[in-house]
Amino acid sequence: MHTAIRRGCLAGGMILLLLAGGCRKEIPMIRSEVDYVTLPTSPERIEGFFLVNEGNMGSNKCTIDHFDARTGGYRRNIYPERNPGVVKELGDVGNDIGIHGDRLYVVVNCSNLVEVMDVYTAEHIGSLSIPNCRYIVFDGDRAYVSSYAGPVQIDPEARPGKVVEIDLERLAITREVVVGYQPEEMVITGGRLYVANSGGYRYPNYDRTVSVVDLATFEVVNTIDVAINLHRMELDRFGRIYVSSRGDYYGTGSDIYVIDSKSEQVIGRLGIAASEMCLDDDRLYTISTEWSYTTQSNEITYAVYDTASERILSRSFITDGTDERITLPYGLAVNPETKEIYVCDATNYVTPGYLYCFTPEGRFKWRVRTGDIPAHIAFSEEPFY
Amino acid sequence: MFDRLIRLFVWSAALAGAGVAAPAHAEGRLDSLQHVEEVVVTGRLVRREIIPVQELAGEELHRLGAHNVADALRYFSGVQIKDYGGVGGLKTVNIRSMGTNHVGVFYDGIELGNAQNGTVDLGRFSLDNMEAVTLYNGQKSAVFQPAKDFGSSGSIYLQTRTPHFDEGETHHLRATFRTGSFGVVNPALLWEQRLSERVSGSFSGEYLRSSGRYRFTYRMQEGYDTTAVRRNGDLDAVRVEGGLFGRVEQGYWRAKAYFYHSNRGYPGAVVRNKFSHEDRQWDTNFFTQGAFKKDFRPWYSLLVQGKYAYDYLHYLSDPTLDESTMYTDNRYHQQEIYLTAANRFVPFPWWELSLSADWQYNRLDADLRDFVYPRRQTMLAAAATALRFDRVELQASLLGTWVHDLTRGDEMSDKRKLTPAVFLTWRPFGGEEGFNLRAFYKRIFRMPTLNDLYYTFIGNVHLEPEFTTQYDVGATYARTFRHTWLRRLELQADVYYNEVENKIVATPTSNFFRWTMVNLGQVEIRGLDAAVQTDWLVGRDLTLAARLNYTYQRAQDFTDPSSEFYGGQIPYIPWHSGSAALNAVWWRWELSYSFIYTGERYSSSANIPYNYQLPWYTSDLSLARSWRLGRGGLKTTLEVNNLFDQQYEVVACYPMPGINFKFIVQYEF
C-alpha cells in the first residue's frame with residue numbers, strides 16, 4: 001500500500017516536473033531605469049523631453065526615454081511598464097515624435113502606426129494605422145503624417161507617397177493627398193503644408209521636389225523643384241523654409257536649400273551638408289555624416305547658421321573636443337529654454353546609443369545611455385508622472 | 001528603401017558561427033558507415049579520428065524527429081543553429097561561434113557553394129536519402145582530399161545513400177509518405193538499381209508542401225497574452241537527384257545530378273501591428289558533379305572531381321499585397337564551375353603525403369541597378385601529410401589560396417594567402433579503443449562574399465579576408481563490453497580557444513538607410529564541448545542507446561575597447577546548451593525521446609535586460625513499429641515534437657512552433 005502511494009507520488013512528481021519543464025517562464029517585463037545625469041533645476045517652461053530610440057528593423061525595439069529637468073533624472077524605456085496590455089510594446093522602428101496639447105505622439109514606421117499617449121503618463125490612448133508612416137506635424141486640431149504608401153501604380157516602381165490628415169479629437173483619418181515619391185519631413189505656414197519628397201526608393205531617379213498642399217482644399221497646389229533626395233525641413237520666423245538634400249551618396253553631396261514660402265521659389269543654398277538639422281530661434285544647427293571609403297570611416301561635421309544674418313556662425317558647435325567621442329551623430333535638438341544642445345550618438349546601431357548634452361557654448365555637460373539608435377526628441381512643457 | 005537590402009543583408013550576415021564533439025560510433029552503425037566510407041572516404045573501420053568529429057548516421061539519424069539537416073545538427077555540441085521558424089524558415093549553422101560564413105558544407109564530397117552570401121540554408125536539405133551527417137572541427141581528418149576541404153574553419157559533410165546490394169539483389173525501392181502538422185504533405189521515393197556487375201544507379205525524388213501555419217503565443221509577465229497564427233511561411237518544394245556509382249580496379253567513379261526548386265513565403269518578423277508579411281521567394285538549384293578515384297600503385301592514388309552548379313533566386317515584395325512594403329522584384333543567377341585533382345603518395349605505411357590543386361569559377365548576375373556583375377576565380381593548392389605510428393598520429397596541411405575578381409566596376413585587389421593546420425593525436429595506452437588525446441591548431445580565412453564586396457550601395461571593395469585561428473585540446477575514450485548491459489561507452493571532450501579577426505560586419509554610414517561592410521570585428525571564443533554515447537543491451541531483445549551533448553561557450557566581442565559593451569557575449573550565443581537523445585528498440589518497436597536545451601542568450605553584444613532572450617528547451621518523442629510485408633518491410637512512425645508545447649523563439653521576433661505531430665509510413669524492399 002505504502003509502496004503504491006510512494007510510487008504514485010513519484011510518478012506524479014515526475015509528471016509535474018515534466019509539465020513545469022514545458023511551461024517556461026513568461027517573457028520578463030522590462031522595467032524602466034533611471035540615471036541621475038545632472039543636478040535638479042527649476043525650469044520655467046521646459047519640464048523635460050521625450051526621446052525616441054528607433055531600434056533596428058525587425059527587432060521591435062522602438063523605445064521612449066524621458067528626461068525630467070526638475071530631478072535631473074533620465075528614465076530609459078518608459079513605455080512597457082506603463083502599458084503592459086499593449087501587445088508587442090511600442091513597435092518596430094520609431095521614426096518621429098511630437099507633442100501637441102496634452103498628448104504625445106510617436107510615429108512607428110515599420111509597425112505602420114502612430115501611437116497616441118498621454119503626455120503626463122505616457123499611457124496609451126489610441127493608435128492609428130498608417131502604412132509606412134514617416135513624420136508628423138500639427139496644426140490646430142489636426143495632425144498631418146507623411147507616408148511612403150500612396151496608391152500603387154501600374155508601374156510598381158512609380159508609387160507616390162501621401163500625406164494623411166488626422167482629426168485629433170476623434171483619432172480618425174479624415175483626408176489623404178497624394179504627393180511626391182517617399183515624402184519625409186513637413187512644415188506648415190500660411191495655411192499650406194510643405195513636404196520634402198525624397199524618392200529614396202527610386203534610386204537613381206530621386207525625387208527633387210517639395211509638394212505644396214493647401215490645407216483647406218487638401219490638394220497639391222504647387223510643386224517646387226529643389227534638389228535630389230530631400231529630407232529634413234525647418235521653418236524660420238521670416239517664412240523661409242530650409243530643406244536638406246541628402247545627395248546621392250556618390251558624386252552629388254548633401255546641401256541645404258532655402259525656399260521662400262511666400263513666392264514658393266528656391267532662393268539659395270547654404271553650402272552646408274546636413275544629415276541632421278534643428279532650428280532654434282535664429283540658429284540652424286546641422287550635423288553631417290559622410291562615409292569615406294578612403295579612411296573607411298565616417299567624416300562628421302557640425303555647423304551653425306544664423307538665419308537672421310544669413311551667414312555661417314560656426315563650423316563646429318561642439319567646442320571642447322568632445323565630438324571625438326561621438327561615433328555616429330544621429331539626432332539633434334536644442335532646448336528652447338536653456339539653449340542646451342543635445343546630440344544623439346547611435347554608435348554601431350546594434351548596441352544602445354548615447355545622448356550627449358552640451359552647454360549653449362558647446363561644452364560637454366553630461367552623457368547618458370539610451371536605447372538602440374536614439375534619434376528624435378520632443379520637448380515637453382508638462383510634468384511627467 | 002534600403003530596408004529590404006539591409007534585411008536581406010542582415011539575413012545573410014546573421015548567418016554565422018558555433019563548434020563541437022561527438023564520439024565514435026556505435027557498432028551497430030558501422031555496417032552502413034563502412035559502406036559509405038568505402039566509396040567516399042578512407043574506408044577505415046574504426047574511427048580513431050584525429051580531428052574532433054561528430055556524426056549521426058543511418059537509423060540513428062532518422063530516429064531524431066528531424067525534418068531536415070539543420071534539425072539534426074542541433075544534436076551536435078559546439079553548434080548553434082539559427083532557426084527562423086517553420087518548415088520553410090531559414091536555418092543556418094554556426095560552428096564554435098566563428099560565424100556561418102566559416103562553415104563549409106559538402107554534399108557527397110563536394111562543397112556547396114554560395115559565393116553570393118557565403119552561407120547555406122541547411123533547412124533545405126532533406127534527410128530522406130541522407131545516410132550520414134558528419135561535422136568536423138577544423139577539417140576532415142584525411143589528408144587525401146581536395147584543397148577546398150582544407151579551406152573552412154569547420155566542415156559539415158552530408159552523405160547521401162549509396163546503393164549497396166547483397167548477393168542476388170538487383171534493386172531496392174523505398175517509398176515514404178510523411179504528413180502531419182503545418183499541412184505537411186511529403187511523399188518521397190528512393191530507387192536503387194544494379195545495372196551491371198560494377199555499376200549501380202540510384203534515383204531519389206521528393207515533394208514537400210506545407211502551409212507553414214502554426215499557432216504561437218506571446219505571454220508577457222504582468223501584461224499581454226496574445227495568440228496568433230504564423231502566416232506566409234508556406235513552402236512548396238521538389239527535389240530530384242540521381243546518381244551512378246561504378247567500380248574500377250582499385251577504385252571507383254561516381255556521377256550525380258541534383259535539382260531543387262522551391263516556392264516559399266517569407267514569414268518575416270512578428271512586430272507590433274504587423275504579424276504577417278507577403279514577401280515571396282523562388283529558388284532553383286541545380287548541380288551535377290562527378291568523382292573518380294583510383295589507387296594506381298600501392299604508393300600512389302589519384303582523386304579527380306568536378307562540378308557545375310547553377311543557383312537562381314527570385315525575391316518579390318509586392319505593395320499590392322502589403323501596402324507598407326517597398327516594391328522589390330529581384331532575380332539573382334549564380335554559376336559555379338569547380339575542378340580538383342588530389343594525389344596521394346604513400347612512401348611508407350606510416351607516412352602519407354598528398355598534393356591537391358583546385359580551380360573554381362563563380363559568377364553572379366542580378367537585375368539590380370548599377371550591378372557590377374562580379375566574376376571570381378579561385379585557385380587553391382594544398383600540401384598535406386600524415387604520419388601514423390603506433391601511439392601517435394600527426395597531420396599537417398598547408399593551403400595556398402589565390403583569388404582574383406573581375407567586375408564592371410571597382411573590384412577587390414587579388415588576394416593570396418597561405419594558411420596552416422596541424423593535428424596531433426596520442427594514444428598513451430595504445431590499442432584501438434581506450435583513451436586518446438588530441439590537439440589541433442588551424443588558421444584559415446573566409447573571403448569577403450560577393451555581396452560583401454559588390455552589393456549595390458552596401459558592398460565595399462576594400463574588404464580583407466576574415467581570419468579565424470583555432471586551438472583545441474581534447475580527449476576521447478571508447479570501450480566495448482562483452483557481458484554487461486552496457487555494451488559500449490564513448491566519451492569525448494574538447495576545450496578550445498578561437499579568435500576571429502578582421503570580422504566583416506555591417507556598419508552604418510550617414511543614415512539608417514546606408515550601411516556598408518567593414519573589417520571591424522574581433523571575437524574571442526573560449527569553449528568546451530563534451531559528448532557521451534552509450535549503447536545497452538538488456539536481456540536479449542531490448543537495446544538502448546543514449547547520447548548526451550553539452551556545450552559551454554564564452555564568445556566575446558572585443559571590437560571596440562572604448563565601448564561600454566566591450567567583451568559582451570556575442571548575439572545569440574548561449575553560455576550553456578546541450579541535448580540528449582534516448583532510443584529504445586524492442587522487437588519491432590522503437591521509442592525515441594530527444595531533448596534540446598539552449599540557455600539564456602542576448603540578442604546583442606550589449607548584454608542588458610532589454611536584449612535578454614529566455615532559455616528554451618523542447619522535448620520530442622517518436623514511436624515506430626515495423627512489419628514484414630511480402631518481400632519488404634513496412635514501418636510506421638508517429639512523432640510528437642515540442643511535446644510540452646513550449647512557446648519560444650530562437651531569433652527574436654521569429655516565433656517557433658508549439659506542439660506538432662508527424663506521421664510517417666515507409667515501405668522498403
Side-chain angles (χ1 to χ4, degrees), chain A residues 18-19 21-30 54 57-61 77 80 84-92 108 110-113 127 129 131-132 148-149 152 156-157 159 182 200-201 203-204 246 249 275 289-291 293 296 298 328 346-352 369 371-373, chain B residues 1 3 6-7 10 218-224 226 268-274 318-320 323-327 329 369-370 457 460 462 507-514 516 518 560 563-565 571 603-606 608-610 612 614-617 619 643-648 652-653:
Chain A
L18 285 170
L19 287 177
C23 325
R24 194 173 57 148
K25 278 190 297 183
E26 293 170 319
I27 303 164
M29 164 72 71
I30 308 292
E54 293 189 352
M57 186 178 179
S59 70
N60 201 54
K61 280 168 75 173
N77 200 6
V86 176
V87 175
K88 294 240 115 190
E89 303 83 42
L90 197 52
D92 194 27
V108 191
C110 295
S111 282
N112 304 315
L113 61 81
S127 63
S129 275
N132 214 334
Y148 283 3
V152 180
E157 307 235 21
R159 182 192 189 190
Q182 292 82 52
Y201 281 2
Y203 155 85
R246 289 175 178 133
Y249 316 113
S275 38
T289 310
E290 280 179 296
W291 178 256
Y293 280 102
Q296 294 280 299
N298 283 306
L328 190 83
T347 66
N348 59 4
Y349 282 35
V350 291
T351 54
R369 175 150 64 83
D372 290 4
I373 320 183
Chain B
M1 75 162 145
D3 297 359
I6 290 161
R7 197 201 289 173
V10 169
Y218 282 108
R219 197 172 293 126
M220 176 66 77
Q221 184 191 342
E222 299 162 49
Y224 59 82
T226 190
V270 172
V271 299
R272 182 177 176 194
N273 202 35
K274 190 167 179 63
D318 184 354
T320 58
E323 58 170 342
S324 68
T325 195
M326 168 194 169
Y327 175 73
D329 187 10
R369 213 178 285 277
D370 291 353
F457 277 133
N460 178 356
H462 301 288
T507 193
T509 65
S510 49
N511 63 56
F512 188 73
F513 300 136
R514 299 278 290 120
T516 193
V518 287
D560 177 8
S563 166
E564 189 178 340
F565 309 106
S603 60
S604 155
S605 58
I608 56 175
Y610 192 53
Y612 178 78
L614 283 171
W616 60 267
Y617 30 95
S619 294
L643 192 61
F644 300 111
D645 197 26
Q646 186 169 100
Q647 300 294 315
Y648 68 105
C653 300

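On a predicted model such as this, the values are computed, not experimentally measured, just so you know. Lettering follows sequence order; numbering is per chain, from 1. Quick note: numbers below take in every heavy atom, side chains included, and nothing from hydrogens, waters or symmetry partners.
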To the nearest 0.5 Å, how far apart are SG in B:Cys653 and CE in A:Met57?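 That separation rounds to 11.5 Å.
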To the nearest 0.5 Å, how far apart are CG in A:Asn348 and OG in B:Ser605? 6.5 Å
Residue part contacting chain B, namely of [X], when any heavy atom lies under 4.5 Å:
X	answer
A:Val108	neither
A:Val87	both
A:Pro80	neither
A:Gln182	neither

Step-by-step side-chain contact (heavy atoms from CB on, under 4.5 Å) determination, B:Tyr218 to B:Gln647: CA-CA 8 Å; B:Tyr218 282 108; B:Gln647 300 294 315; over 6 Å; no
Can you say whether [X] sits under 4.5 Å from chain A via the side chain, the backbone, both, or neither, judging by heavy atoms?
X	result
B:Leu643	neither
B:Ser603	side chain
B:Tyr610	both

Based on non-hydrogen pairs under 4.5 Å, which of B:Thr320, B:Asn460, B:Asp329, B:Thr226 is most in contact with chain A?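 Among the listed options, the one with the most contacts to chain A is B:Asn460.
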Would you confirm whether A:Asn112, through its side chain, and A:Pro131, through its main-chain N or O, come within 3.5 Å as a donor-acceptor pair?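 Looks like no, no N/O pair under 3.5 Å.
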Closest heavy-atom pair and its distance - [X], [Y]:
X	Y	value
A:Val152	B:Pro319	CG2-O, 3.9 Å
A:Ser129	B:Asn273	OG-ND2, 3.2 Å
B:Arg272	A:Ser111	O-OG, 2.7 Å

Highest number of heavy-atom pairs under 4.5 Å with chain B: which of A:Arg369, A:Met29, A:Lys61, A:Lys88?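 When all of A:Arg369, A:Met29, A:Lys61, A:Lys88 are compared, A:Lys88 has the most.
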If you count heavy-atom pairs under 4.5 Å between each of A:Leu90, A:Val350, A:Asp372 and chain B, which one has the most?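 That would be A:Leu90.
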